[in-house]
Amino acid sequence: MSKPKVIVTRKWPAEVEAQLTALYDVQLNENDIPMTADELKQALQSADAVLPTVTDAMTADILNVEGKRAKIIGNFGVGYNNIDISAAKEQGLVVTNTPHVLTDCTADIAILLLLMSARRASEGERLIRNQQWTGWKPTQLLGQKVTGKTLGLIGFGRIAQAMAKKAHHGFGMKILFYAPSQPAQPVIDDLQAVRCDTVEELLSAANFVSLHCPGGEATRHLINEQRLQLMQPSAHLINTARGDVVDSKALVKALTEGWIAGAGLDVFEGEPNIDPGLLALNNVALLPHLGSATEETRTAMGNRVLANIAAFFAGEEPADRVV
Ligand code: DGY
């Protein structure tokens with residue numbers, strides 16, 4: 001029997017690509033140049049499985065292409081707002097993602113950004129790199145203490161809970177959260193976490209606010225001008241979720257006018273393009289979407305996709321089926 005044809009849209013860790021090559025008739029993307037909409041359509045027409053990632057916008061137009069051969073989209077990533085899920089559903093396509101394996105690394109990046117923003121780490125490094133540091137001063141680059149402060153999490157899924165654990169048990173932080181569903185009681189007890197009834201209540205009470213909701217229309221600009229105005233002037237906003245959860249124009253205004261002290265961002269509206277207003281500011285720490293970027297995690301993500309498509313081709317239910 002011939003091997004299923006699989007198309008991978010971007011370069012993946014070598015170990016996973018080797019396994020894909022051994023198991024399937026695979027088309028890799030050696031040059032790592034993002035595929036165009038037409039190339040993605042052709043991929044759906046010519047392969048049994050297409051394996052995209054966060055940088056591939058699998059729009060309704062692409063998913064609705066005539067003459068599809070593909071039956072499964074194995075997304076490399078836990079977030080799947082790059083895929084028009086209702087179009088995929090209508091087209092009878094199975095979609096899978098890669099949960100669990102990136103939880104700790106993404107929570108680590110959220111903690112890193114929290115510390116960078118609170119302690120003005122980017123500003124400090126710039127001072128040294130620009131050879132402008134003239135020595136220690138009692139009042140230089142004073143930031144905010146993190147230990148013992150209050151962390152508010154918007155969204156309280158796996159990554160938020162992992163961050164809360166590190167913040168509470170590592171830095172003695174008090175935990176507030178806002179989430180549509182009720183977390184398990186042992187999780188709340190372990191973190192002594194307090195639920196807020198509204199986003200507004202959380203924003204005004206927290207010293208640090210970290211975003212952990214999915215991207216997409218429902219959460220677009222959840223953090224807007226009005227809500228930023230509710231935060232404390234010494235507060236920091238951390239975003240490792242999706243860029244469009246924050247209205248970047250409003251954030252630039254908040255950081256410029258001192259409504260909040262700082263922000264730490266790993267994701268951006270319209271990335272990889274960054275709002276020039278953010279680039280011009282000193283009080284924002286910027287990372288290029290590194291949440292899951294460790295060797296261990298990216299390999300584990302690839303292996304998770306492998307397991308999902310292997311189950312599908314064996315006629316079984318993939319563990320991480322989204323639709
Ligand atoms: C995800 O998995 O959703 C990340 O943002 C991409 O690594």
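Start at 1 and go down the list; that is how both ligands and their atoms are numbered. Values below: every heavy atom of this structure, side chains too, minus hydrogens, waters and symmetry copies.
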Subset of ligand 1 atoms that lie under 4.0 Å from at least one heavy atom of [X]:
X: H289; value: 4 (C), 5 (O), 6 (C)
X: G79; value: 1 (C), 2 (O), 3 (O)
X: S292; value: 7 (O)

K68 versus Q91, side-chain donor and acceptor atoms under 3.5 Å: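 Yes, a side-chain donor-acceptor pair sits under 3.5 Å.
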
Looking only at side chains, do S46 and R69 share a donor and an acceptor under 3.5 Å apart?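 No - no donor-acceptor pair under 3.5 Å links their side chains.
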
So does D108 pair up with K166, basic N to acidic O under 4.0 Å? yes

Short N or O distance, R242 and ligand 1, threshold 3.5 Å exclusive: yes

Consider every N or O of V78 and every N or O of ligand 1, then say whether any pair is closer than 3.5 Å.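 Such a contact does occur with ligand 1.
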
Is it the side chain, the backbone, both or neither of L102 that has a heavy atom closer than 4.0 Å to ligand 1?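 Side chain only.
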
Keeping N82 on the side-chain end and T53 on the backbone end, is there a donor-acceptor pair under 3.5 Å?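 Between the backbone of T53 and the side chain of N82 there is a qualifying donor-acceptor contact (under 3.5 Å).
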
Do side-chain atoms of K174 reach the backbone of G148 as a donor and acceptor pair under 3.5 angstrom?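 Here the side-chain-to-backbone pair exists.
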
